[in-house]
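First comes the structure, then the notes that go with it.
Remember, predicted model here, so these are calculated numbers, not experimental data. Numbering of ligands and ligand atoms starts at 1, following listing order.
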Amino acid sequence: MSDKRFTTLALKEMKQKKEKIAMITAYDYPTAQIADEAGAETILVGDSLGNVVLGYKDTLSVTLEDMIHHGKAVVRGSEKAFVIVDMPFLTYEISAEEALGNAGRIIQQTGAQGVKLEGGTEITAAVKSITGAGIPVVGHLGLTPQSVGQLGGYKVQGRTPAVAKKIIEDTVALEKAGAFMVVLECIPWQLAKVITEKVSIPIIGIGAGKYCDGQVLVFHDVMGLYTGRRPKFVKEYASAREAMLKGVHEYISELKEGAFPTEEHSYTMPKETLAEIREG
Ligand code: KIV
């Protein structure tokens, strides 16, 4: 593990000093390089990989092997960011022992610094087991995409007193179980503010308003690369898809017109060698 990277301690201190923590997802070497160079303190190898990179309709098909494969590339592409890898569906729910084994594989094989799990009180045994082995854990509450079937779709969570109270209780339970950070997705900003003020661990929001200790967005959403569902909380900061499409169009047009490749992009050889090979 590189000692140049942000640590759990440094991230906790950022909360205390009220410095905002930037998190962005990355899935491969170039996206990790960009996120790291731009200054994100944390990079999440999210299982949104399933939607934005692998073309699945949800995150449920993503496997441990997928996460390890992409996690390795992200760690290679980053130097300073604290890299968190999502534990995919059914890799931590079955037993606390299995959760620890799978978290251990992620950390050992990718070189990442932490793992993220979705859920509250029902996963605290897994969180205790993983943190007990010294692996930093991030929780994820609110809209938890691995439970999209049970939640009845990608909807705002915590608008009723019962669900809001459950999200508060779950955050406190995760903190007690040893999680060092929690992501809150798609909940009212007022609820996120209450939670952020209540716990001592950093709260990272996505569709949870501005009062969280930090924010996370999906790389492909930020860059305008994804053509699927675009939630209200997404802000596009670049039109990378447009730029990429234009580039590939131009390449194909120039190729068809004979404008590419030119001498500038070609290698040459001595005349004598050419004569020799022509003579056979
Ligand atoms: O998988 C992911 O990208 C995530 C973020 C949306 C928080 O879990």
For ligand 1, which atoms, with element, lie under 4.0 Å from some heavy atom of [X]?
X      : answer
Gly46  : 1 (O), 2 (C), 3 (O)
His140 : 7 (C), 8 (O)
Asp86  : 1 (O), 2 (C), 8 (O)

(message) Take a 6.0 Å sphere around CD of Glu37 and say whether it holds more than 12 heavy atoms from other residues, nucleotides or ligands.
(response) no
(message) So for ligand 1, is Asp47 a polar contact partner (N or O within less than 3.5 Å, distance only)?
(response) yes
(message) Tell me the contacting part of Thr25 for ligand 1: side chain, backbone, both, or neither, using a 4.0 Å heavy-atom threshold, strictly below.
(response) side chain
(request) Give the contacting part of Leu49 toward ligand 1: side chain, backbone, both or neither, where contact means a heavy-atom distance below 4.0 Å. (result) neither
Which protein heavy atom lies closest to [atom], and at what distance to 0.1 Å?
atom                   : result
atom 6 (C) of ligand 1 : Ile206 CD1, 3.7 Å
atom 3 (O) of ligand 1 : Ser48 OG, 2.5 Å
atom 5 (C) of ligand 1 : Leu44 CD2, 3.7 Å
atom 8 (O) of ligand 1 : Lys116 NZ, 2.9 Å

So, taking the atom named [atom1] in [X] and the one named [atom2] in [Y], what distance separates them when rounded to the nearest 0.5 Å?
X     : Y      : atom1 : atom2 : answer
Asp66 : Asp86  : CG    : CG    : 12.0 Å
Glu65 : Gln109 : CD    : CD    : 8.0 Å
Phe6  : Ile43  : CZ    : CD1   : 11.0 Å

(message) One thing to verify: whether Lys80 and Glu41 come together as a salt bridge, which I'm taking to mean a side-chain N less than 4.0 angstrom from a carboxylate O.
(response) no
(message) Salt bridge check, Lys246 against Glu242: does any charged N sit closer than 4.0 Å to a carboxylate O?
(response) no
(request) Tell me, please, whether Tyr226 has Arg241 positioned over its six-membered ring: NZ or CZ under 6.0 Å from the ring centre and within 45 degrees of its axis? (result) no
(request) Would you check whether Met23 reaches within less than 4.0 Å of ligand 1, judged by its heavy atoms? (result) no
(message) Under a 3.5 Å cutoff, is there a donor and acceptor pairing between the side chains of Ser78 and Arg5?
(response) yes
